[in-house]
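Model, not experiment: these values are computed from the prediction. Sequence lines set the chain letters: A, B, ... in the order given, protein chains first and strands last, and positions in each chain run from 1.
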2 protein chains.
Amino acid sequence: MAAANDTATLGPLDSFVGYHMRRASARMSVDFHAAMAETGIRQVVFGVLSVIAANPGINQGQIGKVLGIQRANMVSLIGELTDAGYVSRTTSPEDRRAFVFQLTDRGAAAFADGLARIRLHEDRLLRDLSVGERETLVALLKRIQASGAD
Amino acid sequence: MAAANDTATLGPLDSFVGYHMRRASARMSVDFHAAMAETGIRQVVFGVLSVIAANPGINQGQIGKVLGIQRANMVSLIGELTDAGYVSRTTSPEDRRAFVFQLTDRGAAAFADGLARIRLHEDRLLRDLSVGERETLVALLKRIQASGAD
DNA sequence: TATTGTTATACTCTATAACTATA
DNA sequence: TATAGTTATAGAGTATAACAATA
């Protein structure tokens with residue numbers, strides 16, 4: 001019958017925030033990785049770069065905490081960044097268990113380049129949204145994040 | 001309480017829609033799966049259930065198309081639903097290559113139960129957002145999805 | 001005893017390519 | 001030749017548990 005030829009509908013799924021969030025997030029991820037392909041920097045790795053840039057001398061556990069990354073998964077992320085020469089890792093003088101991090105010059109350049117790429121990527125993908133609408137969106141997303149942040 | 005608790009900042013990452021989308025989406029997913037744990041129905045599987053419910057007689061490829069799921073990945077999803085007795089699969093009378101699907105009575109009951117659980121889950125997680133804000137959020141997310149939908 | 005970072009591992013989710021049977 | 005569904009497989013992404021060094 002008709003359903004076989006028309007575009008299918010989502011049903012009640014269409015009313016759920018979670019469904020549309022998952023689809024929109026996936027779409028943005030695909031576009032992000034396309035925009036960053038030449039740099040080899042993935043979403044999560046860029047996040048680590050940004051946190052180190054904003055908090056020089058931060059340690060591994062603190063980076064993971066603010067970004068919601070498990071300690072075990074931080075290891076390879078940090079490894080990528082040190083292997084690429086983007087961050088320097090030194091033992092903390094205050095706690096010899098911990099490593100503290102800073103961007104290298106190369107890392108700062110890669111970060112700046114990444115920022116520019118991501119701004120273009122978001123401008124392209126969100127070109128139908130006004131600046132005010134983007135701010136509204138970010139504000140709503142932050143409130144979801146904050147609402148039950150244990 | 002003297003120390004360790006200046007929380008690190010995100011840096012420029014904080015201004016990106018994509019970052020907050022990814023975090024908020026991940027959070028909603030975790031809560032979704034907790035809410036649905038007793039049913040064993042995952043996010044994607046519930047989506048398939050909803051599309052079949054709304055489009056009885058739809059075939060596998062069409063379900064995947066509307067939900068953005070690859071043909072290859074539809075196979076096990078459909079398998080889960082037929083194994084659970086939630087959907088009936090019959091060869092299409094019009095195209096013997098294709099299967100068409102309908103909810104069984106059990107499937108309709110599971111779908112209704114799932115809907116109720118998800119509504120509670122979203123009401124709980126989004127309790128700090130007004131109804132109008134949720135609608136705004138969904139509308140913005142849909143526009144991201146639609147903007148470059150090839 | 002608790003914490004920082006590490007290793008090993010497993011599970012989910014999604015993507016690609018090659019196959020079959022129908023069209 | 002093209003399409004619907006299938007199989008096999010690989011790659012991210014994330015989660016848990018146990019361990020060493022240090023606090």
### Task
Establish, for the pair Arg89(B) and Phe99(B), whether the NZ or CZ atom is under 6.0 angstrom from the six-membered ring centre and no further than 45 degrees off its axis.
yes
### Query
Of all nucleotides in DNA chain C with an atom under 4.0 Å from a non-hydrogen atom of chain B, which is the first and which the last going 5' to 3'?
dC13(C) to dA23(C)
### Query
Is there a residue in residues 80-91 of chain B whose heavy atoms reach under 4.0 Å of DNA chain D, and which residues are they?
Arg89(B)
### Query
Nearest nucleotide by nearest heavy atom, which residue falls closer to the 5' end of DNA chain D, Asp95(B) or Glu94(A)?
Asp95(B)
Could you pull out every donor-acceptor pair under 3.5 Å between side chains of residues 70-81 of chain B and any protein atom, sequence neighbours left out?
from     : atom 1 : to       : atom 2 : distance (Å)
Glu80(B) : OE1    : Arg42(B) : NH2    : 3.1
Glu80(B) : OE2    : Arg42(B) : NH2    : 2.1

### Task
Identify, between Val30(A) and Ile78(A), the residue whose nearest nucleotide on DNA chain C lies closer to the 5' end.
Ile78(A)
Just the table, please: protein N/O against nucleotides 8-14 of chain D N/O, every pair under 3.5 Å.
from    : atom 1 : to       : atom 2 : distance (Å)
dG13(D) : OP2    : Arg42(A) : NH1    : 2.2

### Query
Between atom CD1 in Ile63(B) and atom P in dA4(D), what is the gap in whole Å?
13 Å
### Task
Only pairs at least two apart or in different chains count here, so list each ring-ring contact (aromatic ring centres under 6.0 Å, His included) that has a residue in residues 70-93 of chain A.
none
### Query
What stems involve DNA chain C, if each pair must be Watson-Crick or G-U and both of its distances must be under 3.5 Å, with 3 or more such pairs in a row?
C:1-23 with D:1-23
#### Entry: More than 12 heavy atoms of other groups within 6.0 Å of Asp105(A) CG
no
### Message
Using 0.5 Å steps for rounding, measure from the CZ atom of Arg119(A) to the CZ atom of Phe16(B).
### Response
5.0 Å
### Summary
Applying side chain to side chain contact (heavy atoms under 4.5 Å, CB included) to Asp31(B) and not counting sequence neighbours gives His121(B), Arg124(B), Leu125(B)
### Query
Counting any heavy atom closer than 4.0 Å, what does Arg96(B) reach on the DNA or RNA strands: base, sugar-phosphate only, or nothing?
sugar-phosphate
### Query
Are Leu13(B) and Val87(A) co-members of a hydrophobic cluster defined by side-chain heavy atoms under 4.5 Å apart?
yes
### salt bridge (Lys or Arg N to Asp or Glu O under 4.0 Å) partners for Asp123(B), two or more places apart
Arg134(B)
#### Entry: Spacing of OG belonging to Ser92(B) relative to CD belonging to Gln60(B), to within rounding of 0.5 Å
12.5 Å
### Query
Whole-Å distance between dT22(D) P and Arg97(A) CZ?
10 Å
Side-chain donor-acceptor pairs of residues 111-118 of chain B under 3.5 Å, sequence neighbours excluded:
from      : atom 1 : to        : atom 2 : distance (Å)
Asp113(B) : OD2    : Arg117(B) : NE     : 3.0
Arg117(B) : NH1    : Ala35(B)  : O      : 3.3
Arg117(B) : NH2    : Glu38(B)  : OE1    : 3.2

### Query
Arg97(B): what forms a salt bridge (Lys or Arg N to Asp or Glu O under 4.0 Å) with it, not counting sequence neighbours?
Asp95(B)
### Message
Can you measure Ile58(B) atom CD1 to dA4(D) atom P for me and round it to whole angstrom units?
### Response
12 Å
#### Entry: Test salt bridge (Lys or Arg N to Asp or Glu O under 4.0 Å) applied to Glu135(A) - qualifying residues, sequence neighbours left out
none
#### Entry: By side chain to side chain contact (heavy atoms under 4.5 Å, CB included) - contacts of Lys65(B) (at least two apart)
none
